[in-house]
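A quick note: this is a predicted structure, and the numbers were derived from the prediction, not measured. Basis for what follows: all heavy atoms, side chains included, without hydrogens, waters or symmetry-related copies.
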Amino acid sequence: MTQSDIPQNLGKPANRALEGAGYLRLEQVAEVSEKELMKLHGMGPKAIERLREALFEKGLSFSDES
């Protein structure tokens with residue numbers, strides 16, 4: 001199994017949504033837009049903000065923030 005670097009502080013619904021959509025690494029999350037992620041059931045503004053912070057720490061951003 002691939003080691004996930006998705007922050008665990010997103011909340012269980014958001015983590016399940018990302019995992020269910022196949023996003024296990026921040027590099028994968030950086031390939032999609034914030035708008036696309038918000039379409040996932042369980043993903044909310046707080047989770048998006050926490051993902052943005054985690055991406056920033058790795059020098060990444062959502063695809064629509066390049």
Side-chain angles (χ1 to χ4, degrees):
M1 185 170 146
T2 304
Q3 177 87 7
S4 175
D5 64 351
I6 301 293
Q8 294 302 303
N9 69 345
L10 297 184
K12 290 181 181 179
N15 276 312
R16 281 193 300 266
L18 290 170
E19 185 177 321
Y23 299 114
L24 302 175
R25 310 271 314 147
L26 286 172
E27 290 81 6
Q28 293 171 304
V29 174
E31 295 175 1
V32 295
S33 69
E34 179 179 329
K35 186 176 178 178
E36 286 297 311
L37 287 177
M38 284 296 289
K39 292 179 183 178
L40 298 176
H41 180 75
M43 189 63 61
K46 188 184 290 185
I48 292 292
E49 185 57 35
R50 289 181 177 165
L51 278 172
R52 182 180 290 113
E53 291 167 3
L55 288 168
F56 179 78
E57 288 176 13
K58 287 198 150 212
L60 301 169
S61 64
F62 293 115
S63 68
D64 54 351
E65 295 179 352
S66 301

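Between atom OG of residue Ser61 and atom CD of residue Glu34 there is a gap of 11.0 Å, rounded to the nearest 0.5 Å. Rounded to the nearest 0.5 Å, atoms CG (Leu10) and CG (Asn15) are 4.5 Å apart.
With sequence neighbours excluded, the residues forming a side-chain contact (heavy atoms from CB on, under 4.5 Å) with Glu27 are Asp5, Arg25, Lys58, Leu60, listed by chain and number.
Across every non-hydrogen atom of Val29 and Ile6, the tightest pair is CG2-CD1, 3.7 Å.
A distance-only check finds a donor-acceptor pair linking the side chain of Ser4 to the backbone of Leu24 [under 3.5 Å].
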Result block: side-chain N/O donor-acceptor pairs under 3.5 angstrom for residues 37-50, not counting sequence neighbours:
from	atom 1	to	atom 2	distance (Å)
Lys39	NZ	Glu36	OE2	3.1
Glu49	OE1	Arg52	NH1	2.6
Arg50	NH1	Asn9	O	2.3

